[in-house]
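Scroll down for the structure; my scribbles are underneath it.
Quick caveat: nothing in here was measured; it's all calculated off a predicted structure.
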Amino acid sequence: MYDWQSLQKKLIAAARANPPGDGVPYAFEKRVLALLAARSAVTDRLALWVRGLWQAAASCVAVAVLLGAWAFFNPAATNADDLSQNFENTLLASVDQGDQVQ
């Protein structure tokens with residue numbers, strides 16, 4: 001694709017042909033490198049957060065799979081009532097009591 005050696009030689013030749021001017025502030029390269037080092041430290045902190053969040057997600061998936069397997073393989077109680085019937089009886093209890101009073 002690209003001839004990296006040729007590109008590097010061209011860039012070095014262009015840099016040698018154009019020496020830096022006096023307009024460049026003192027220790028400019030040191031400040032730029034310090035900013036890059038600070039940015040990499042922030043990236044490292046973000047990488048730690050991302051790694052921790054992925055580990056938390058993996059543990060949540062493991063807990064969900066274990067609880068799902070336990071719910072699936074756990075035998076159901078034989079005298080379990082129908083939840084929908086219990087819910088309907090609870091909601092309509094006041095209506096049923098009003099019919100019995102009159």
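Note: Thr90 OG1 to Gln85 CD = 10.0 Å, rounded to the nearest 0.5 Å. The CG atom of Asn86 sits 11.0 Å away from atom CG of Leu91, with the distance rounded to the nearest 0.5 Å. To the nearest 0.5 Å, the span separating CG on Asn74 from CG on Leu67 amounts to 11.5 Å.
Side chain of Arg31 to backbone of Tyr26: a donor-acceptor contact under 3.5 angstrom is found.
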